[in-house]
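Working notes for the structure below.
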Amino acid sequence: MRLILRPSLLLLLEEKESHGYELYDQLSAFGFEPQRLDSSVVYRDLREMEELGLIDSSWDDDSKGPRRRVYRILDDGRTRLTEWMDVLDSIQGRMNRLIDRYKTNQV
C-alpha cells in the first residue's frame with residue numbers, strides 16, 4: 001500500500017486543498033484502512049513531499065479550534081502525479097496479464 005500512498009495524497013490534493021487529518025480520513029477511498037495506517041506515516045510523507053517541492057503548506061488561521069496546516073499541490077506535484085499514474089497503469093497491466101495467465105492454467 002505504500003506504493004500508492006503518495007500518489008493518493010497528491011490526487012486528493014489535486015481535487016482540493018486539505019489539512020492532514022482530512023487527507024488521512026479520505027485515504028479509505030483508495031483502500032487504506034485507518035486501523036492499519038499510522039497517521040504519522042501520512043504526515044511524514046506530506047512533509048517529505050513538501051521538501052521535494054511537490055506540495056506546499058500554510059497555517060489556516062481561519063479555522064475554528066486549533067490551527068491546522070493546509071496542504072496544496074504544486075506544478076511539480078502535478079507532473080509527478082501524472083508520472084506515477086503512468087507507472088501504476090503499466091504495473092496494473094502486467095498484473096492483469098499475470099492473473100489472466102494463472103486463471104487460464106487452473107483446472
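Please read all numbers here as calculations on a predicted model, not as lab measurements.
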Looking at [atom1] of [X] and [atom2] of [Y], how far apart are the two atoms once the value is rounded to the nearest 0.5 Å?
X: D100; Y: M95; atom1: CG; atom2: CE; value: 11.5 Å
X: E17; Y: L12; atom1: CD; atom2: CG; value: 13.5 Å
X: S28; Y: Q35; atom1: OG; atom2: CD; value: 10.0 Å

(message) Here's a test for you: under side-chain contact (heavy atoms from CB on, under 4.5 Å), which of L23, L9, I55, L10 qualifies with D45?
(response)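 Testing each of L23, L9, I55, L10 against D45, the sole residue satisfying side-chain contact (heavy atoms from CB on, under 4.5 Å) is L9.
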[X]: what forms a side-chain contact (heavy atoms from CB on, under 4.5 Å) with it, not counting sequence neighbours?
X: R94; result: S90, I91, R97
X: D76; result: L54
X: R44; result: R2, V41, R47, E48
X: S8; result: I4, L27, F30, F32

Under 4.5 Å between side-chain heavy atoms, hopping through other hydrophobics if needed: is there a path connecting [X] to [Y]?
X: Y21; Y: V70; result: no
X: M49; Y: L3; result: yes
X: Y43; Y: L13; result: yes

(message) Strictly by salt bridge (charged side-chain N to carboxylate O under 4.0 Å, His left out), give each pair with a member in residues 28-41 just once, sequence neighbours left out.
(response)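 Passing the test, one end in residues 28-41: no pairs.
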(request) Flag the pair T104 / R101 as yes when at least one side-chain heavy-atom distance between them is below 4.5 Å, and no otherwise. (result)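 Side chain of T104 against side chain of R101, heavy atoms only: no contact under 4.5 Å found.
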(request) For the residue pair P34 and Y24, establish whether any side-chain heavy-atom pair is separated by less than 4.5 Å. (result)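 Answer yes - side chains close enough.
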(message) Applying salt bridge (charged side-chain N to carboxylate O under 4.0 Å, His left out), can you list everything that pairs with R69, at least two apart in sequence or on another chain?
(response)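 For R69, no residue satisfies salt bridge (charged side-chain N to carboxylate O under 4.0 Å, His left out) once neighbours in sequence are set aside.
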Would you tabulate the side-chain donor-acceptor contacts of residues 81-89 under 3.5 Å, counting partners in other chains and residues two or more places apart, or write 'none'?
| residue | atom | partner | partner atom | Å |
| --- | --- | --- | --- | --- |
| T82 | OG1 | R78 | O | 3.1 |
| E83 | OE1 | R80 | NH1 | 3.3 |

(message) Between the side chains of E50 and R72, is the shortest nitrogen-to-carboxylate-oxygen separation below 4.0 Å, so that they form an ion pair?
(response)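 Salt bridge flag = no for E50 with R72.
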